[in-house]
2 protein chains.
Amino acid sequence: MTERPRRPTITDVAALAGVSRTAVSKVFNDHGSISLATEARIREAARKLQWTPSATAIALRSARSWTVGLILHRPGLEPDDDPRLPVSLIAGLEPVLASRGYGLLLQTTAEEREQAQTYRRLAEAKRVDGVVLVDSMIGDTRFELARELGLPAVLVGTPWREDPIAYLGHGTHGAGMPEAAEHLVALGHRRIAYIDGPEHQVDARDRAQALAAALARHAIRLVAHTTGPYSPSSAAVRTAELLDRWPDVTAILYGEDTMALAGMHVLWSRGLRVPEDVSVIGYNGIEVGEWVQPQLTTVRRDSVQRGRAAAVVLLRLLGQHVEQEYLVEEPALVVRSSTGPVRAG
Amino acid sequence: MTERPRRPTITDVAALAGVSRTAVSKVFNDHGSISLATEARIREAARKLQWTPSATAIALRSARSWTVGLILHRPGLEPDDDPRLPVSLIAGLEPVLASRGYGLLLQTTAEEREQAQTYRRLAEAKRVDGVVLVDSMIGDTRFELARELGLPAVLVGTPWREDPIAYLGHGTHGAGMPEAAEHLVALGHRRIAYIDGPEHQVDARDRAQALAAALARHAIRLVAHTTGPYSPSSAAVRTAELLDRWPDVTAILYGEDTMALAGMHVLWSRGLRVPEDVSVIGYNGIEVGEWVQPQLTTVRRDSVQRGRAAAVVLLRLLGQHVEQEYLVEEPALVVRSSTGPVRAG
DNA sequence: TTGAAAGCGCTACCAG
DNA sequence: CTGGTAGCGCTTTCAA
């Protein structure tokens with residue numbers, strides 16, 4: 001490989017254009033005033049040299065990194081089964097951030113408690129100007145941490161208690177769950193179980209509460225409510241235990257779609273048919289739910305929309321003037337064929 | 001909110017410790033020599049001030065951003081059905097990069113051709129020190145681009161033609177497909193179709209070739225081979241067309257697991273049973289395949305492993321001395337219940 | 001309208 | 001073993 005020439009700097013451009021670096025800077029930040037002729041010369045020189053301002057120099061000079069951090073907790077080694085690497089969220093977030101010149105820096109942590117350290121490191125080293133918080137937990141200390149670090153932050157989810165942090169809830173608390181409950185009740189279900197996500201997750205808690213409240217209006221209580229990781233295998237285990245203890249359950253809700261699929265697998269393996277013997281409802285509205293047999297009734301929520309909206313909130317916290325607003329629809333029940341009338345008799 | 005004090009700088013630490021900035025720098029980069037006493041004083045001062053070296057200053061000074069870029073093409077708005085946001089890959093990549101202090105910067109592009117521009121921008125602005133390339137295409141120009149930009153790069157996949165770029169192939173060309181072919185042939189299948197990924201993808205091409213070659217050894221030719229996007233809906237459409245034209249097909253392979261699920265859905269909706277009437281094989285080994293009914297026979301490959309290995313390759317290109325090697329297993333056929341003997345008669 | 005100079009926070013090179 | 005100095009590439013007063 002031949003020695004590659006040093007990247008051109010603003011000084012080179014200035015020299016070529018026969019002006020000062022100041023002039024170049026002004027042109028590229030449309031600050032101050034520059035005569036049209038000079039500007040043309042400068043732009044021409046920059047083009048010739050293929051010069052682009054150095055992001056690192058700008059970062060140092062302006063004390064902003066133009067980067068937003070997203071820190072994710074990866075519980076296990078296998079991520080396929082982990083709904084917590086929020087692909088759709090990123091798909092919504094990133095383009096909006098990029099439209100304002102912000103990059104998205106992804107970090108994963110093995111342990112929950114590493115997170116605080118990671119935020120601190122990123123913030124203190126000035127690697128990021130702000131962060132997107134996901135997976136809101138009960139007792140979450142990240143909001144205070146962000147404030148202490150002076151780090152603009154937006155939470156995608158609902159804070160566990162009143163908090164001044166900017167957040168973007170998943171719709172009103174537990175949205176979609178009342179509809180799911182009504183749906184099951186209308187089909188005649190009375191013995192309903194809920195295979196839930198982790199106990200300490202705010203989102204899971206809100207949904208569980210909304211579900212319980214909706215059922216209570218019909219004087220129904222969940223026959224069982226288990227909490228645990230958002231993993232299909234955990235859902236499978238818990239479904240099996242559920243069926244052992246309450247074989248007469250007629251409907252099961254799951255905290256996540258892939259959990260519901262795993263649950264259905266257990267049902268089939270016990271000779272129970274869905275929905276003839278047991279109805280099943282998932283949560284999230286992943287596309288696969290449409291293709292499986294029976295098609296999965298679920299509560300769909302749109303993380304892409306939520307990601308976009310969160311990006312806007314954060315950009316504003318970062319001092320950007322953003323006009324655009326993005327719609328975020330409420331989570332909604334999608335009735336497909338994994339739910340049906342309770343069996344007569 | 002009260003006015004937050006300016007972040008401490010190395011000068012503050014030096015002042016507090018009563019030494020020069022040089023001394024502080026030396027301690028934190030264990031360069032040069034510093035007496036134990038001085039070092040202790042310096043560390044103490046840094047601790048008191050909660051000082052962390054500024055990443056941006058280091059970036060400017062060292063002309064490295066300590067960041068690696070990952071640019072992804074997002075074809076549609078809905079990412080759920082898009083296997084191209086390679087979650088598992090990221091899960092493998094990021095921790096290894098982070099272990100050496102490298103961050104992972106994620107960018108998405110709407111159009112394929114925007115990619116070149118994005119690489120150029122990142123490289124010229126020195127936002128990234130290197131890139132991970134995914135989704136190897138036939139006619140791919142990114143390798144030359146990376147060289148032109150002097151940007152260390154590693155391709156996860158196989159280059160479309162001989163190229164000096166560092167890459168991490170998905171095992172030997174088309175690995176797993178011969179096994180899949182043998183499996184079907186052994187079950188008595190002769191009328192086999194392949195609902196493939198995009199025509200211009202190297203990985204898809206290699207797999208198709210490997211499949212065709214393996215079948216040819218048994219004097220079998222695919223009754224149909226369609227190419228198209230890696231999307232379930234496309235797979236559904238193509239499956240329907242396939243069944244219209246070749247109703248006598250007894251086995252269908254798919255370029256991706258979620259495509260296979262969509263295909264099975266179409267089969268069921270036509271009253272065909274899997275595997276009694278038609279056998280189905282997917283590709284990738286996503287976890288959901290285990291939970292659906294019937295469980296999906298597939299070729300599993302481990303993107304997490306591949307991500308780790310790719311990170312090591314890139315780190316070395318970036319001049320890091322990495323001892324650790326990560327195992328990358330060959331893709332392997334996982335026989336489950338979506339394949340069965342061809343129906344007698 | 002233009003540019004000289006100072007300096008963002010850090011590290012490398014030398015001289016002491 | 002220690003520290004002064006120069007400078008990474010850029011922007012921003014402020015003076016001409």
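Quick note on labels: first sequence line is chain A, next is B, and so on, each numbered from 1.
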**OP:** Enumerate the residues from residues 40-50 of chain B whose closest heavy atom to DNA chain D is under 4.0 Å, giving them by residue number; use none for an empty result.
**Re:**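 Residues of residues 40-50 of chain B under 4.0 Å from DNA chain D: none.
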
Original post:
Where along residues 13-29 of chain A does a heavy atom fall under 4.0 Å from DNA chain D?
Top reply: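 Result for residues 13-29 of chain A: A:Arg21, A:Thr22, A:Ser25, A:Asn29, sorted by number.
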
Subject >> salt bridge (charged side-chain N to carboxylate O under 4.0 Å, His left out) involving A:Arg21 - partner list, sequence neighbours excluded >> reply: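 None.
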
Subject >> Polar side-chain atom of B:Asp12 near backbone of B:Thr9 as donor-acceptor pair, under 3.5 Å >> reply: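 Yes; at least one donor-acceptor contact below 3.5 Å.
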
Original post:
From the 5' end of DNA chain C to its 3' end, which nucleotides mark the outer limits of contact with chain B, defined by a 4.0 Å heavy-atom distance cut-off (strictly under)?
Top reply: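 That gives a stretch of C:dG9 to C:dC13.
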
**OP:** May I ask you to say whether B:Arg161 pairs ionically with B:Glu144, meaning some side-chain N is under 4.0 Å from a carboxylate O?
**Re:**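 Looking at B:Arg161 and B:Glu144, the cut-off is met.
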
Subject >> Salt-bridge present (A:Arg308, A:Asp302; N to O < 4.0 Å) >> reply: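 Between A:Asp302 and A:Arg308 there is no salt bridge, as every charged N stays at least 4.0 Å from the carboxylate O atoms.
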
Original post:
Side-chain N or O of A:Thr11 less than 4.0 angstrom from OP1 or OP2 on D:dC10?
Top reply: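 For D:dC10, OP1/OP2 do not have a side-chain N/O of A:Thr11 under 4.0 Å.
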
With sequence neighbours left out, what residues match [X] under side-chain hydrogen bond (donor to acceptor under 3.5 Å, both in side chains)?
X        : result
A:Glu325 : A:Arg316
A:Thr118 : none
B:Glu114 : none
B:Glu162 : none

Original post:
When the C1' atoms of the five terminal pairs at each end define the local axes, what inter-axis angle does the helix from C:dT1-D:dA16 to C:dG16-D:dC1 show, to 10 degrees?
Top reply: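 That helix gives 40° between its end axes.
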
Original post:
Rounded to whole angstroms, how far apart are CG on A:Asp30 and C1' on D:dC10?
Top reply: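 Answer to the nearest Å: 16 Å.
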
Original post:
Who are the side chain to side chain contact (heavy atoms under 4.5 Å, CB included) partners of B:Thr52, not counting sequence neighbours?
Top reply: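 Side chain to side chain contact (heavy atoms under 4.5 Å, CB included) list for B:Thr52, sorted by chain: A:Glu124.
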
Original post:
Under a 4.0 Å heavy-atom cut-off, which of residues 56-64 of chain B touch DNA chain C?
Top reply: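 Of all residues in residues 56-64 of chain B, the ones placing a heavy atom under 4.0 Å from DNA chain C are B:Ala57, B:Ile58, B:Arg61.
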
Subject >> Selection residues 46-68 of chain A - residue pairs positive for ring-ring contact (aromatic ring centres under 6.0 Å, His included), sequence neighbours left out >> reply: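 Found A:Phe28-A:Trp51, A:Trp66-A:Tyr102.
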
